[in-house]
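Shown next, in structure tokens, is the structure this report addresses.
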Amino acid sequence: MNERIRAPRVRVIDPDGQQLGIMSTAQARAEAERYSLDLIEVAPDADPPVCRIMDYGKYKFQQEKKAREAKKKQQTVEVKEVKMRYKIDEHDYQVRVNQAKRFLKDGDKVKATITFRGRESQHSELAEDLLKRLATDLQEVGEVQQQPQKEGRNMIMIVVPKK
């Protein structure tokens, strides 16, 4: 703003929103003083940079207000986890499917984890089949982001909500 503007020539907009044209920075500052306001650079990347004659406090308040509105509209995506074993009973499996569907409908990612104990890790193909079955059951509300893969004593798969 004001003396901090380094560009030799700027495009100036008056307080009413009318373009005053391209002028030297000194002329633009004199014009701003005529209105008893500040010269604020609003588009520094433009050629020539765009400056507006307005009250700096009001400009700062408007920018903060825009930032608050953008933050309010921003949606955070959480990763919800659904844990099970590869020897899961049918009813328990359906409960996990319903949980995952609810998470996906709420807009969250779902991390499906199958845990192995002891020598159960020998049956990793059964666990992979179960995760693929889960993926087909969730097909209407989500899509697989990460295919089933083994990580230590677990096999995980990540499903994201459909857009």
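Only heavy atoms go into these numbers, but all of them, side chains included; no hydrogens, no water, no symmetry mates.
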Listed by chain and number, what are the side-chain contact (heavy atoms from CB on, under 4.5 Å) partners of [X], not counting sequence neighbours?
X: Val95; answer: His91
X: Ile22; answer: Arg9, Arg11, Pro48
X: Leu130; answer: Met84, Ile88, Tyr93, Ile114, Arg133
X: Glu33; answer: none

Are [X] and [Y] in one and the same hydrophobic cluster, where Ile, Leu, Val, Met, Phe, Trp and Tyr link if side-chain heavy atoms are under 4.5 Å apart?
X: Leu134; Y: Leu126; answer: yes
X: Val50; Y: Leu39; answer: no
X: Met157; Y: Val141; answer: yes
X: Val160; Y: Ile156; answer: no
X: Ile13; Y: Met54; answer: yes

- Could you tell me which residues satisfy side-chain hydrogen bond (donor to acceptor under 3.5 Å, both in side chains) with Asp108, sequence neighbours excluded, listed by chain and number? none
- Go through the structure and list residues passing side-chain hydrogen bond (donor to acceptor under 3.5 Å, both in side chains) with Gln122, not counting sequence neighbours. none
- Item | side chain to side chain contact (heavy atoms under 4.5 Å, CB included) evaluation trace for Thr113 with Val82 | CA-CA 6 Å; Thr113 307; Val82 176; over 6 Å; no
- Message: Looking only at side-chain N and O atoms, does Glu31 offer a donor or acceptor that is under 3.5 Å from a partner on Gln27?
- Response: no
Checking the side chain of [X] only, and the main-chain atoms of [Y] only, is there a donor and an acceptor separated by less than 3.5 Å?
X: Asp14; Y: Asp16; result: yes
X: Lys109; Y: Glu81; result: no
X: Asn2; Y: Asp38; result: no
X: Thr25; Y: Ala7; result: yes

Minimum heavy-atom distance [X]-[Y], with the two atoms named:
X: Ser124; Y: Lys150; value: CB-CD, 4.4 Å
X: Asp55; Y: Leu37; value: N-CD2, 3.8 Å
X: Gln146; Y: Glu151; value: NE2-OE2, 4.4 Å
X: Glu140; Y: Lys101; value: OE2-NZ, 3.9 Å
X: Ala28; Y: Val12; value: CB-CG2, 3.6 Å

- Salt-bridge present (Glu69, Lys66; N to O < 4.0 Å): no
- Value for CG (Leu131) from CD1 (Ile158), rounded to nearest 0.5 Å, stands at 11.5 Å
Applying salt bridge (charged side-chain N to carboxylate O under 4.0 Å, His left out), can you list everything that pairs with [X], at least two apart in sequence or on another chain?
X: Lys87; answer: Glu120
X: Lys58; answer: none
X: Glu41; answer: none
X: Lys132; answer: Glu128

- Query: Looking at residues at least two apart in the chain, or sitting in another chain, which of them share a ring pair (Phe, Tyr, Trp, His ring centres under 6.0 Å) with Phe116?
  - Reply: none
- Task: List the steps, then state whether side chain to side chain contact (heavy atoms under 4.5 Å, CB included) holds for Gln149 with Met155.
- Result: CA-CA 5 Å; Gln149 69 181 44; Met155 184 171 280; 5.9 Å; no
- Start with the C-alpha distance between Cys51 and Val42, add both sets of side-chain angles, then the distance that settles side chain to side chain contact (heavy atoms under 4.5 Å, CB included), and finish with yes or no. CA-CA 6 Å; Cys51 293; Val42 290; over 6 Å; no
- Item | Note, Ile5 side chain near Ile40 side chain (heavy atom, < 4.5 Å) | no
- Any Arg117 side-chain heavy atom under 4.5 Å of Arg85 side chain: yes
- Task: Not counting sequence neighbours, list each pair that qualifies as a ring pair (Phe, Tyr, Trp, His ring centres under 6.0 Å) and has a residue in residues 52-74.
- Result: none
- Item | CZ (Arg68) with more than 12 external heavy atoms under 6.0 Å | yes
